[in-house]
Asks: 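The structure that follows is given in the form of structure tokens.
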There are 2 protein chains.
Amino acid sequence: MAEFDFGDRVVQINQNSLQSKCDTCPIHNRTMCAFAGEDAARELAMISRTRRISAGQTIVTEQDSLDFVGNVVSGVVKLSKTLEDGRQQIVGLLFPSDFMGHIFSDHTRFAYEAASDVEICVFDRKAFETLVQNNPEIQHELLLKVLTELDATREWMVLLGCQNARERIASFLLMLLRRSLQTGCPKEDLPPNPTIRFPINRKNIALFLGTTIETISRQIQSMSKARILKIIDGNTFEIINPGRLAKMANHEEWLEDYPV
Amino acid sequence: MAEFDFGDRVVQINQNSLQSKCDTCPIHNRTMCAFAGEDAARELAMISRTRRISAGQTIVTEQDSLDFVGNVVSGVVKLSKTLEDGRQQIVGLLFPSDFMGHIFSDHTRFAYEAASDVEICVFDRKAFETLVQNNPEIQHELLLKVLTELDATREWMVLLGCQNARERIASFLLMLLRRSLQTGCPKEDLPPNPTIRFPINRKNIALFLGTTIETISRQIQSMSKARILKIIDGNTFEIINPGRLAKMANHEEWLEDYPV
DNA sequence: CGCATATTTGAAGAGTTTCAAGCACAGTGG
DNA sequence: CCACTGTGCTTGAAACTCTTCAAATATGCG
């Protein structure tokens, strides 16, 4: 019998039903675990373990070697780079089901930090790399995932390169909206006035958007006055007019779901 | 006998020595062609052909389907996105030996355009995808390449997100320096006062750096006054002090080669 | 309740963009 | 050979957005 601490659940299982640990995993059907064949999935379950990190803790620093990879189960992990003089830029936010890690390389050039309380499911990197190289279909899924991420990063680059503060914040709100609806929500189920919660604090939002907490504050207040959103509390917002928000973001990709 | 128009060389070869077309390719040892096994390399040679595009011409527009992939042989290809109101951001510049294309997906979200006169070696996308899926080692190389590109894109994101105009231009100059030395130049061969040429016009540099041609002009003049570089002509610069330039860029990755 | 932390609000300042004009160079035609 | 025109780059001045610094307010927790 083995005991697994899986967040708020402690699961006791015996060796030949190792996969049951993953059956209770809230995101297992949205990660590579779902794409792996039965043998590979079993192997993944075998080498995986859960780690919990509290908000603000560094998981890996820049230049560190990253000896594990994994999936975010809950919370948000930030990927960032800090310049010598202290300026920092977040180059990626990893949400539940996102893959984290720097595979096939001994050092990462970015720091991984818990942007909120976080639960991650980790595998030993070397073991995972071997698994990948022995399973072309997993490698293929990984390639697709990285290609998607590359495109998303480029989209964000457009935001940083030529969009203003208002557009950046509108885009961030829409991104959160998307991610919160993402769990296979059919179009007709879209709530007319969805509610969004910031999963991370202002400072991190600012570092992600390449702006300051003051600018974010002012823009949010201004959107509230313009009746685009309603401030429920400092971190919760009701989007009164998702279509106008999308228009404001000026990014076609995010205009799709809601009419103006 | 078949005749291949390969830029300034026209190569005549017979079917069973198809690879010789690639032997004369100035970049073939820096692309995936070099990593492919003999059979795969022969197949690549078989399905490849050369295209020349003159500066300013669009190769593929956004939302277009991209039915080919390939390598840049000479010149610079720009990858960009344009917002409805005309603002544009370049999200990547592809130099000789860089891979171009949007594999395993029917539509690209970015436009490809020749930023200078360009020569590219293209393969049919579907054929290439089949080749990749049948050759795990090519798929692996491709994965590594995409991972490297993802990191490079994230580095550039730091630039756009939190660095000022001066740092951006210094970084761009250093990037050009790197690329021009990249052909396996050993450290002791570094010229003390290297010369750099802008391969693309000011407008495209501005679109890449998220700034304007005026700002670039002012910064270059100011660097010239500060004796960091010497303006040979509008597009050619002698870097008087590469170390100070690197310091100015404030990006550790680019500080390595030259002492301050 | 009081302290620490996080967010909002205000006013001044810096850096960049914008608009407008000037300059330099290449190609064309008289 | 020289004006003419077009294009691309530089320079100047004004305008604007965002940041910075400072203070006020709100929120959370022992």
Asks: Do the side chains of A:T236 and A:T195 get nearer than 4.5 Å, heavy atoms only?
Replies: yes
Asks: Given C:dT8, D:dT11, D:dC9, identify the nucleotide with an atom nearest to the side chain of B:Q221.
Replies: D:dT11
Asks: Specify the separation, in whole Å, of atom CE of B:M223 and atom P of D:dC9.
Replies: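 My rounded result for the distance is 17 Å.
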Asks: Over how many whole Å does the gap from A:F237 atom CZ to C:dT7 atom P extend?
Replies: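 To the nearest whole Å, that distance equals 10 Å.
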Asks: Please tabulate the protein-to-nucleotide N/O contacts below 3.5 Å involving nucleotides 21-27 of chain D, giving atom names and distances.
Replies:
| residue | atom | partner | partner atom | Å |
| --- | --- | --- | --- | --- |
| D:dC21 | N4 | A:E214 | OE2 | 3.3 |

Asks: Nearest 0.5 Å, what's the CZ-CD distance between A:R87 and B:Q163?
Replies: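 The CD atom of B:Q163 is 5.5 Å from CZ of A:R87, to the nearest 0.5 Å.
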Asks: What's the closest nucleotide to the side chain of A:I213 if the choices are D:dC18, D:dT10, C:dT8?
Replies: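 So the side chain of A:I213 is nearest to C:dT8.
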Asks: Is the shortest side-chain N/O distance from B:T212 to OP1 or OP2 of C:dT16 below 4.0 Å?
Replies: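 For C:dT16, neither OP1 nor OP2 has a side-chain N or O of B:T212 closer than 4.0 Å.
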Asks: Taking the side chain of B:A165 as heavy atoms from C-beta outward, which of C:dT16, C:dT7, D:dT10 is closest to it?
Replies: C:dT16
Asks: Check the distance between C:dG15's P and A:R87's CZ and give it to me in whole angstrom.
Replies: 12 Å
Asks: Round to a whole Å and report the spacing from CD1 of A:I216 to C1' of D:dT19.
Replies: 13 Å
Asks: Report yes if a side-chain nitrogen or oxygen of A:S217 is closer than 4.0 Å to either non-bridging phosphate oxygen (OP1 or OP2) of C:dT7; otherwise report no.
Replies: no
Asks: To the nearest Å, how far apart are A:Q219 CD and C:dT7 C1'?
Replies: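 So the CD-C1' distance, A:Q219 to C:dT7, works out to 16 Å.
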Asks: Between C:dA14 atom P and B:R166 atom CZ, what is the distance in whole Å?
Replies: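 The distance from CZ of B:R166 to P of C:dA14 comes to 17 Å, rounded to the nearest Å.
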Asks: Can you name the nearest heavy-atom pair linking A:A249 to A:L174, along with the distance?
Replies: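 Scanning both residues, the minimum pair turns out to be CB-CD1, 3.6 Å.
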Asks: When you measure from the side-chain N and O atoms of A:T211 to the phosphate of D:dT19, is any distance below 4.0 Å, counting only OP1 and OP2?
Replies: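 Answer yes for this pair, as a side-chain N or O of A:T211 is under 4.0 Å from OP1 or OP2.
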Asks: I need the B:T31 OG1 to B:N71 CG distance, nearest 0.5 Å.
Replies: 4.5 Å
Asks: A:L93 pairs by side chain to side chain contact (heavy atoms under 4.5 Å, CB included) with which of A:L176, A:I200, A:V72, A:L79?
Replies: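 The single option meeting the side chain to side chain contact (heavy atoms under 4.5 Å, CB included) with A:L93 is A:I200.
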Asks: Taking the side chain of A:R202 as heavy atoms from C-beta outward, which of C:dT16, D:dT19, C:dT7 is closest to it?
Replies: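 So the side chain of A:R202 is nearest to C:dT7.
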Asks: Rounding to an integer number of Å, can you tell me how far B:R168 CZ sits from C:dT16 P?
Replies: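 In whole Å, C:dT16 P lies 8 Å from B:R168 CZ.
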Asks: Rounded off to whole Å, could you give me the CD-to-C1' distance for the B:E167 and C:dG15 pair?
Replies: 12 Å
Asks: Check B:D98, B:V77, B:L94, B:V69 against B:I120 for a side chain to side chain contact (heavy atoms under 4.5 Å, CB included) and give me the one that passes.
Replies: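 Of all the options given, the one that passes is B:V77.
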Asks: To the nearest 0.5 Å, tell me how far B:F110 CZ sits from B:Q89 CD.
Replies: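 Going from CZ on B:F110 over to CD on B:Q89, the span is 10.0 Å.
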